[in-house]
Structure formats: structure tokens, C-alpha cells
Amino acid sequence: MDKHNLTVVNEFILMGITDIPELQAPLFGFLLIVYMLSVVGNLGLIILTKIDSRLQTPMYFFLRHLAFTDLGYSTAVGPKMLANFVVDQHIISYNWCATQLTVFGIFITSEIFILSAMAYDRYVAICNPLLYMIIMSQRACQVLVAIPYLYSVFLTLLAVIKMFTSSFCGYNIKYFYCDTRPLIYLLCSYTEDIKLIILIFSAFNLISSLLIVLVSYILILVAVLKMNSAEGRYKAFSTCGSHLTVITVFYGTLFFMYVHPKSSRSLDVDKMASLFYTLIIPMLNPVIYSLRNKEVKNALCRTWKICANYLFKIHC
């Protein structure tokens, strides 16, 4: 549509992941399974870390909120994307597009800083074990989680309100969900201020959170290398293994998305990378923390035994 045609846009068309008919059914089946596993895995972690008395520690408090943010932003994108596979018109209303972008932005921004808080938690646990429960008190943990949520709400609303109070001249979003980058290209009005806001805050979020993670793990590495016991070093590293795996996958994907030169990639590559961090990562995180964490596996076994005994008594 001509950029100078100021026709009011009240809905958008999501172009989807692919326009190849042969890929529609396999992709729908695969992504449906991925999303269902993500919901079950993250809901399971939230419930497990809430009800199991042995998982009432700061590390699992942060893990519960990580699962909550994973569930939040994958649900903001997943159901609408899956619905578009089975309907002919891939239409999303103006208000729902703004809502989807807001919810997605709040949860994805919160996750970045919750991962940083988890790195700080591991640093305190390994470098200051005697003061761990004092430093990482319940109030401190709540503050470390509340600040990312409040900051992400402020930042996301700032960008979304700025964008959706401008005029749109186009309606074809070349993505499978409402994201800032494809929406900016549909704006009629001057977009440099919106681009600048998004660029500054995106860079700040990525650099500041990654800096916290790097500093925390450098200090952890120094502390571990000073340990005389090989068993102590292994135990210290094992407590960080799951978190290191998660942040490597998460930041690696984000760097590919935002640092990789645009000239050397296609829109399809962008879509696949977006698909990876919107649906695949939220599915992988519960798996990583469940498979690599004995306490979570033991809690799952205890919960399963309790449920089995309860069901057996009802049956009898």
C-alpha cells in the first residue's frame, strides 16, 4: 500500500511462517507438540517449585519466574500462530496486535533480567555460601524479580503506545506475530524516534544483562579455581550447569537475531530464529532444568508417588 495513503488500518494480515502448502500440515503438527510440551513443562515447574517444600530456595524462586515468563511470551504468540494454520484468512485485529506485542515484550524483557538475577544468585551461593540465605533473603529475591517486571511494563508500554498512536499505511505483516520490526515498516509517519527508542533500550537490555551474567560467572570461575577439592569444584560447576546451558542458548539466539548482518540473511532465516526463541526455547528450558537437576527430578518422583498413592486409594 502507498505510504502516502492515510487510510485507517483496523486490522493486519499475518503472512505466517511459510506459504508453501506442503509444509503447512507438518509444521502445524510439530509446533502444536512443541507448544503443548512448553505449556506442560513450564506449568509443571511452576507448580512443583511452589508445592514441594525442598524447593523453597532462592534458586527455585527464580526458576519459577523463569518458567512463568517462558509460558507468558510463548502463549502470547503460540495459539494465534497455530490458529492461522487452520484458517484461510490470517487476520489479527488492530487491538489484539497491540496486545500481543505488549504481552510478548513484557515477558521477553523480564526473562532477560531474571536470567541475570539467577546468575547473581549462583555467584552468591558459590562465593558467599555462609551468607547466602542472608543476602538472598525472601525480600531481596522479590525485589530482584519485581524490578524487571516493572521495568519491562514501562518500556514495553512506551514503545507500543508510541507505535500504535502513529498512522499505519500498510497491513501485511511479514511475520507470524506482531513484532516491532515488521510493524515499523508499515508506519506512515516519521519512525526514526521509535527506532531510536527501540535500539537504545534493546542495546541496554542486552548489554547490561549480559554484563551481569559475565561478571557473575567470572567471579564464580575464580572462586572455583581456588578450591582445593576436585569434588568441591565439580559440585560448584554442577549447580551452574543448567543455567549456563539456558543462557548460552538464549543469548546465542538473540545475538544471531540482532547482531548478525542483515545483508547476509533472508526473511526466512529471521522467521526461523524468531520461531526458535518464541517457542523452542520455552520448551527446552524446563527440559534442561529437569534433566540436569537432581533436586527437580527427586521432587518429580516424590510428587508422582504422592499422586499415585492418592489415586490408588480412590480406586480402591
Side-chain angles (χ1 to χ4, degrees), residues 1 9-46 67-109 111 156 160 163-164 168-186 249-250 252-254 256-258 260 262 265-288:
M1 187 178 291
V9 174
N10 54 20
E11 61 185 24
F12 298 97
I13 297 176
L14 295 171
M15 303 305 289
I17 298 171
T18 180
D19 55 359
I20 302 174
E22 293 79 8
L23 294 179
Q24 298 291 329
L27 270 176
F28 173 76
F30 171 72
L31 294 175
L32 178 62
I33 293 171
V34 168
Y35 178 67
M36 290 175 65
L37 289 174
S38 175
V39 171
V40 171
N42 285 296
L43 271 179
L45 267 183
I46 292 170
F68 177 63
T69 55
D70 280 337
L71 185 62
Y73 72 78
S74 62
T75 300
V77 174
K80 179 61 179 175
M81 179 203 64
L82 290 169
N84 284 343
F85 277 103
V86 295
V87 296
D88 294 330
Q89 293 183 323
H90 303 169
I91 294 174
I92 184 168
S93 69
Y94 184 89
N95 291 334
W96 177 243
C97 184
T99 302
Q100 185 184 59
L101 180 58
T102 302
V103 174
F104 179 80
I106 289 172
F107 282 111
I108 196 73
T109 305
E111 174 151 330
T156 305
V160 172
M163 185 176 297
F164 279 83
F168 287 94
C169 288
Y171 52 83
N172 286 323
I173 299 176
K174 297 180 179 180
Y175 247 51
F176 55 94
Y177 69 101
C178 289
D179 195 12
T180 52
R181 288 174 298 167
L183 283 170
I184 284 176
Y185 294 113
L186 302 181
V249 174
F250 186 79
T253 307
L254 287 183
F256 177 82
M257 283 289 296
Y258 294 103
H260 195 62
K262 292 183 179 180
R265 71 187 190 204
S266 66
L267 181 62
D268 289 337
V269 174
D270 271 355
K271 287 181 182 179
M272 290 303 104
S274 295
L275 191 64
F276 190 81
Y277 81 77
T278 54
L279 286 180
I280 306 296
I281 288 179
M283 180 201 68
L284 289 177
N285 287 350
V287 175
I288 292 169

Between [X] and [Y], is any pair of side-chain heavy atoms under 4.5 Å apart?
X      : Y      : value
Leu186 : Tyr171 : no
Tyr35  : Met81  : no
Tyr175 : Val77  : no
Leu279 : Phe30  : no
Val249 : Phe276 : yes
Tyr185 : Lys174 : no

Is the side chain of [X] donor-acceptor paired with the backbone N or O of [Y] at a distance under 3.5 Å, no angle test?
X      : Y      : value
Ser74  : Leu71  : yes
Asn42  : Pro282 : yes
Gln100 : Cys178 : yes
Ser38  : Val34  : no
Tyr94  : Phe164 : yes

Quick check for you: to the nearest 0.5 Å, what is the distance between [X] atom [atom1] and [Y] atom [atom2]?
X      : Y      : atom1 : atom2 : result
Asp179 : Leu14  : CG    : CG    : 11.0 Å
Ile92  : Ile13  : CD1   : CD1   : 12.0 Å
Tyr73  : Ile108 : OH    : CD1   : 4.0 Å
Met36  : Leu82  : CE    : CG    : 10.5 Å
Ile280 : Ser274 : CD1   : OG    : 12.0 Å
Tyr277 : Thr253 : OH    : OG1   : 9.5 Å

Worksheet item: side-chain contact (heavy atoms from CB on, under 4.5 Å) between Ile17 and Gln24: does it pass, once the steps are laid out?
Response: CA-CA 9 Å; Ile17 298 171; Gln24 298 291 329; over 6 Å; no
Worksheet item: For Phe68, does the CZ atom have more than 12 heavy-atom neighbours from other residues, nucleotides or ligands under 6.0 Å away?
Response: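 It does not: Phe68 CZ has 12 such atoms or fewer within range.
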Practice prompt. Describe, in one word, how the ring planes of Phe12 and Phe168 are oriented to each other, choosing from parallel (under 30°), tilted (30 to 60°) and perpendicular (over 60°).
Written response: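 Correct class here is perpendicular.
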Between [X] and [Y], which heavy-atom pair has the shortest distance, and what is it?
X      : Y      : answer
Ile91  : Lys80  : O-NZ, 2.7 Å
Glu111 : Asp70  : OE1-OD1, 2.5 Å
Thr102 : Thr156 : O-CG2, 3.3 Å
Leu45  : Pro286 : CD1-CA, 3.7 Å
His90  : Asn84  : NE2-O, 2.7 Å

Fill in: Residues Phe85, Leu32; criterion side-chain contact (heavy atoms from CB on, under 4.5 Å); working and verdict
CA-CA 10 Å; Phe85 277 103; Leu32 178 62; over 6 Å; no
Item to complete: Test Phe176 against Leu275 for side-chain contact (heavy atoms from CB on, under 4.5 Å), laying out the working first.
Response: CA-CA 9 Å; Phe176 55 94; Leu275 191 64; 4.0 Å; yes
